[in-house]
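Not measured: the values here are computed from a predicted model.
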Amino acid sequence: MSKKVTILILAFTLFLLPTITLAAPVFKDIPEDSPIIAEITYLIEKGILTSDPTTDFGGDTSITRIQAVEILINALAINLENRPTPDFVDVNPTDEYFPLIAAIVDEQIMSGNAAGEFKPNDPLTRGQMAIILTNAFKLTGTTTLSFQDVDSSHWANESIQALIANKITTGYPDNTFKPDSLTTKSNYVVFLARILKPVFRKDLSKPAPTPEPVPEPVPVPVPVPKSCEEPSKKETFKVNVSVTSLWNKPNMSRKVDRPSTSIPVDIKKWTKDMSLSQKWWLVGKTDTQALYGDEVTVLKSTGNWVRVAIKDQYVPYQKEGYPGWVPKTHIKSTTTNYTNCSIAIVTSKVATLYNNNAEKKKFMDISYSTILPIIKEDEKWFYVQTPGNIVKLLSKKDAKTYKNYAAIPKPSQKDIVNEAKRFLDLPYLWAGTSAYGYDCSGIIYAVYKNHGILIPRDSFYQATKGTSVSKKNLEPGDLVFFAGASGKGKVYHVGLYVGSGKMLHAPNASSKVKIESMNAGTYKRNYAGARRYIVNK
């Protein structure tokens, strides 16, 4: 089992204490005289929960489906290896909880809904808890006792009857079970402890000495319609990894390239591990990159690779956009239209997406200029929809939001220059368009994209758009180009003019993003002209 998965199945906490000292609080909000201290302590001793006196247990908060899964995985010591891949529309192999979901479904303890969704971040109701626990521990039994709000036709009646028969539940003092109310963490772990250790069990036929952990149920929230999302008959395809490289041909990648072709990708490791000669090898092998959520058109498929075209990267020879080969696993299809949703554009060099749950565990890192639709927002977070159709959290400090891409206010040339300077000293990466590494045209494309302007991706196409500018009339923010044959041949390089005869550029694999003179040596000899994409007012 991988270290990552081992960490995932520890419930509710990130820190494992070497020993449990019962004299100290097991959690900051669970005092020694808590009515559930015995159950909590038992589960800690069994390694099902992990004590941390510095954090809150959050017993009064609702528990999500994936949190319930994590605890059951621990309680049952379920092996995560070699499980069949579940076919849920809202879960995919890139999700960090995927091995847990695959195992719990394979064990026939939990399943999805009629729409083919697992809904890992949805809160669990008390009725659902009854079914899950009876499935997990194969509890059976009936009794003449019942709750006034659960009749024989209720969808959870059989499981609730089994809980009564096994003295797992006493219900509430008013003889209700409240099956449609949300399950709290306290409810869930107390029921689990009663199943595992009979001494904790309660007899419904006798007056309960204390009510169940939370006397007042958590109300089921009224679903908020996702008004900006609309079903669509058209299937669209989006990049489902933080960055994917488009290869000139399929199956060209080397062993050293695996971090960039795997699931999930690790572009930081890829660029760090490559030697200089290995970086130079990429020239002519990779052509560009696409970011998380970028829309693509699938052109053809062979084996484990698909040829796609990136919609927002212009080339004159492919109407669908910039073409290239990527691993099939890097692309995800959807039939949901987010055109009416506002957008979040990542402004940090690298931003972190978090899972939409109480713990807000890290989901993945995404690059500068990544654009995702916003489902809702609060004071601190954007709730963004990912290509895998799962809502994740993006900190507002890492992004800006607009009604749509066309609504982004156009920048000044000075804005472009100042933004590009943020990436000084970033290592060069051939075909790079992410903040993990740019090539000469990639950094300019990314900065303009972040400010609401889509310019061509490659330098020789960038040199054909915008407005031509003479060298004597150059202004900071203009694009300056260089070509072979003393500037008369094909354009091979672009820089961003910053004034005083200097340009900001990413020279080659042996260098980094830097500012240097454009009026000396090869650059002076091969100067081929300039283009302006922004007219300063």
Side-chain angles (χ1 to χ4, degrees), residues 2-4 85 92-94 96 98 237-292 294 296 298-310 313 315 318 321-332 349-350 364-370 387 423 425-443 445-446 457-459 492-493 506-513:
S2 68
K3 180 179 179 182
K4 178 179 178 182
T85 300
N92 61 70
T94 62
E96 61 178 318
F98 185 81
F237 297 88
K238 296 188 176 183
V239 175
N240 196 33
V241 290
S242 62
V243 184
T244 188
S245 295
L246 274 66
W247 294 77
N248 190 261
K249 296 178 181 178
N251 301 309
M252 292 185 71
S253 59
R254 307 155 293 175
K255 182 177 180 180
V256 74
D257 301 317
R258 286 178 185 171
S260 72
T261 59
S262 61
I263 290 288
V265 299
D266 190 341
I267 304 301
K268 183 178 181 179
K269 175 177 172 58
W270 181 45
T271 56
K272 179 182 178 181
D273 288 353
M274 279 190 291
S275 66
L276 181 57
S277 62
Q278 288 170 331
K279 289 182 179 180
W280 275 103
W281 180 90
L282 292 171
V283 176
K285 310 295 194 310
T286 54
D287 294 323
T288 188
Q289 290 180 323
L291 306 182
Y292 193 52
D294 280 354
V296 299
V298 175
L299 303 174
K300 64 172 67 173
S301 174
T302 179
N304 295 323
W305 291 74
V306 288
R307 183 172 170 81
V308 300
I310 308 172
Q313 294 187 20
V315 289
Q318 185 78 52
Y322 207 122
W325 292 90
V326 302
K328 278 184 179 179
T329 53
H330 286 194
I331 304 300
K332 184 79 172 180
K349 293 178 181 178
V350 175
M364 69 185 298
D365 288 332
I366 54 178
S367 170
Y368 174 81
S369 285
T370 296
F423 298 98
D425 294 325
L426 182 73
Y428 176 100
L429 178 67
W430 173 266
T433 63
S434 82
Y436 294 103
Y438 290 115
D439 65 10
C440 66
S441 54
I443 184 173
Y445 170 82
R457 162 64 179 91
D458 287 335
S459 60
Y492 66 84
H493 188 62
N508 53 56
S510 301
S511 189
K512 299 179 179 181
V513 177

Would you say the side chain of [Y] lies within less than 4.5 Å of the side chain of [X], judging by non-hydrogen atoms?
| X | Y | answer |
| --- | --- | --- |
| Val308 | Phe237 | no |
| Ser434 | Tyr368 | no |
| Tyr428 | Ser511 | no |
| Cys440 | Tyr492 | no |
| Tyr292 | Pro387 | yes |
| Leu429 | Leu282 | yes |
| Gln278 | Asp273 | no |
| Val350 | Tyr436 | yes |

*Set of side-chain contact (heavy atoms from CB on, under 4.5 Å) partners for Asp458, sequence neighbours left out*: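 By the side-chain contact (heavy atoms from CB on, under 4.5 Å) rule, Asp458 matches Tyr322, Ser441, Phe460, Tyr461.
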
*asked:* Going by side-chain contact (heavy atoms from CB on, under 4.5 Å), name the residues that satisfy it together with Pro323, two or more places apart in sequence or in a different chain.
replied: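 Result, side-chain contact (heavy atoms from CB on, under 4.5 Å) vs Pro323: Leu299, Arg307, Val315, Tyr317, Gln318.
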
*Of Ser367, Pro259, Ser260, which meets side-chain contact (heavy atoms from CB on, under 4.5 Å) against Ile267?*
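Passing option: Ser260.
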
For [X] against [Y], the heavy-atom pair lying closest together:
| X | Y | value |
| --- | --- | --- |
| Pro327 | Thr244 | CD-OG1, 4.2 Å |
| Ala506 | His493 | O-CE1, 3.5 Å |
| Ala509 | Leu276 | O-CD1, 3.3 Å |
| Thr271 | Lys279 | O-CE, 3.3 Å |
| Val239 | Ala290 | CG2-CB, 3.7 Å |
| Ala435 | Phe423 | CB-CE2, 3.9 Å |

*asked:* Side chains of Trp270 and Thr261 only: does a donor on one sit below 3.5 Å from an acceptor on the other?
replied: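 No.
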
Indicate yes or no for a side-chain donor-acceptor contact from [X] to the backbone of [Y] under 3.5 Å, with no hydrogens or angles considered.
| X | Y | answer |
| --- | --- | --- |
| Lys285 | Ser253 | no |
| Thr433 | Gln289 | yes |
| Thr94 | Ile263 | no |
| Thr370 | Leu291 | no |
| Trp430 | Thr286 | yes |
| His330 | Pro264 | no |

Could you give the distance from [atom1] ([X]) to [atom2] ([Y]), rounded to the nearest 0.5 Å?
| X | Y | atom1 | atom2 | result |
| --- | --- | --- | --- | --- |
| Arg457 | Leu246 | CZ | CG | 10.0 Å |
| Asp266 | Met364 | CG | CE | 10.5 Å |
| Asn251 | Asn304 | CG | CG | 7.5 Å |

*Look at atom NZ of Lys512 and say whether more than 12 heavy atoms of other residues, nucleotides or ligands are closer to it than 6.0 Å.*
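Atom NZ in Lys512 is not crowded, with 12 or fewer foreign heavy atoms closer than 6.0 Å.
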
_Taking CG in Asn248 as the centre, count heavy atoms belonging to other residues, nucleotides or ligands within less than 6.0 Å. Is the count above 12?_
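More than 12 heavy atoms, drawn from other residues, nucleotides or ligands, come within 6.0 Å of this atom.
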
_With side-chain contact (heavy atoms from CB on, under 4.5 Å) as the criterion, how do Trp281 and Met274 come out once you've worked through the C-alpha distance, each side chain's angles and the decisive distance to 0.1 Å?_
CA-CA 10 Å; Trp281 180 90; Met274 279 190 291; over 6 Å; no

*Sorted by first residue and then second, give each salt bridge (charged side-chain N to carboxylate O under 4.0 Å, His left out) pair with at least one member in residues 237-256; sequence neighbours left out.*
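Salt bridge (charged side-chain N to carboxylate O under 4.0 Å, His left out) check on residues 237-256 returns Arg254-Asp257.
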
*Taking it one step at a time, do Lys349 and Asp365 satisfy salt bridge (Lys or Arg N to Asp or Glu O under 4.0 Å)?*
CA-CA 10 Å; Lys349 293 178 181 178; Asp365 288 332; over 6 Å; no

